[in-house]
Amino acid sequence: MTTPSSKPRILVSRAIFPEVLAQLESVFDVEHNQADALWSAQELITRLQGKDGVLTTGSECISAELLQACPQLRICANMAVGFNNFDVPAMTASGVQGTNAPDVLTETTADFGFALLMATARRMAESEHFLRAGLWKRWSYDMFCGSDIHGATLGILGMGRIGQGIARRGFHGFGMKVIYHNRRRLDAEMEAACGARYVDKATLLTQSDHLVLVVPYSAESHHVIGAKELAQMKSTATLVNIARGGIVDDAALACALRSGQIAAAGLDVFEGEPRVHPDLLTVPNVVLTPHIASATLATRRAMAQLAADNLLRFFVHGDVLTPVNTPVASRN
Ligand code: DGY
């Protein structure tokens, strides 16, 4: 006769590092998805029946409907710093703890933001495609001229930990003038550490030579860069988005790139990804990467570990390391 397990029951919704999965399996009754199948919203709900916790990536939505359909669920641990895939008010109201994975990816993501900025401003992808296509017949004085990074004005929209990491790289490493706009101004000491000056959004748009978006996605930041904002930017400017799709109006951006309203863009995130707006695929002056800003093995491992540690803390000690909410009631 089999007896039901007294261990908390956990769903791991995507493939993760085997050693992190093994840790979870040593404590919990785990259903995993090491085959990395993409589950529909309904299938996720089905798999969550009877589960006490779930380890998600930024790709799985924890909606009010899902919470209602999974009354046993008590914690959702996201293996991502962004948690716009969580309906946080619904989680809070229904007594479900949410956690994210901040800090462990800050420097890796800032490295990538800077790399994407450089690749974009210096036209690396476009020139590489030209070379691979066998089109390079001779050197010429204006071939693939881009714009300088050093000494230029770096604009940052969203000055959280990753924004500050990019600012430090620009200021200390490349002698850039750094300006930023954020909901909340940093204190003087933090501004000095990254050599950044607070400006309003209009100034950020009109003065930046290179504008990097690192703002979290919310209803407020939806299409925060659209046709009107692109029209305010310099025609020589570079735009980089490593935050979330939906912050930029991709159709308006493709138009601005094609018409030369701005010089170039580097995008790691897309509205509706993994679908990419077809107009972006046909403009040459954009560097496109598949949401890999935090993708080094060390960092992805640390993100998975932090998500797992949040589950372990929650069920073993009754607290979590990196909460995104304070549930108003306990589910049981
Ligand atoms: C994050 O952590 O939010 C990254 O975008 C990976 O999803």
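Order of listing sets the numbers, starting from 1, for every ligand and every atom in it.
- Residue Ser294 has no N or O atom closer than 3.5 Å to an N or O atom of ligand 1.
- Here's the thing with Arg300: none of its N/O atoms is less than 3.5 angstrom from an N/O atom of ligand 1.
- Remark: Asp36 engages Arg14 in a salt bridge, criterion side-chain N to carboxylate O under 4.0 Å.
- Checked against a 3.5 angstrom limit, the closest N/O atoms of Val81 and ligand 1 fall inside it.
- With no hydrogens or angles considered, no side-chain donor-acceptor pair links His223 and Glu229 at under 3.5 Å.
- Judged as a side chain to side chain donor-acceptor pair (under 3.5 Å), and not counting sequence neighbours, Asn33 has no contacts.
- Atoms of ligand 1 found under 4.0 Å from any heavy atom of Ala80 (numbered from 1 in listed order, with element): 1 (C), 2 (O), 3 (O), 7 (O).
- Of all atoms in ligand 1, listed by their number and element, those nearer than 4.0 Å to a heavy atom of His291 are 4 (C), 5 (O), 6 (C), 7 (O).
- Applying the salt bridge (Lys or Arg N to Asp or Glu O under 4.0 Å) rule to Asp319 yields the partners Arg313; only residues at least two apart in sequence or on another chain are considered.
- Side chains of Asp111 and Thr108: a donor-acceptor N/O pair is absent below 3.5 angstrom, by distance only.
- Here is the list of ligand 1 atoms found below 4.0 Å of a heavy atom in Met303: 2 (O).
- Considering both main-chain and side-chain atoms, Gly82 comes within under 3.5 Å of ligand 1 through a nitrogen or oxygen pair.
- Listed by number with element, the atoms of ligand 1 under 4.0 angstrom from any heavy atom of Leu105 are 2 (O).
- Numbered from 1 in the order shown, with element, the atoms of ligand 1 that lie under 4.0 Å from a heavy atom of Arg244 read 1 (C), 3 (O), 4 (C), 5 (O).
- Glu191 has a carboxylate O that lies under 4.0 Å from a charged side-chain N of Arg185, or vice versa, which qualifies the two as a salt bridge.
- Side-chain contact check for Asn85 and Glu60: no donor-acceptor pair (N or O, by modelled atom type) lies under 3.5 Å.
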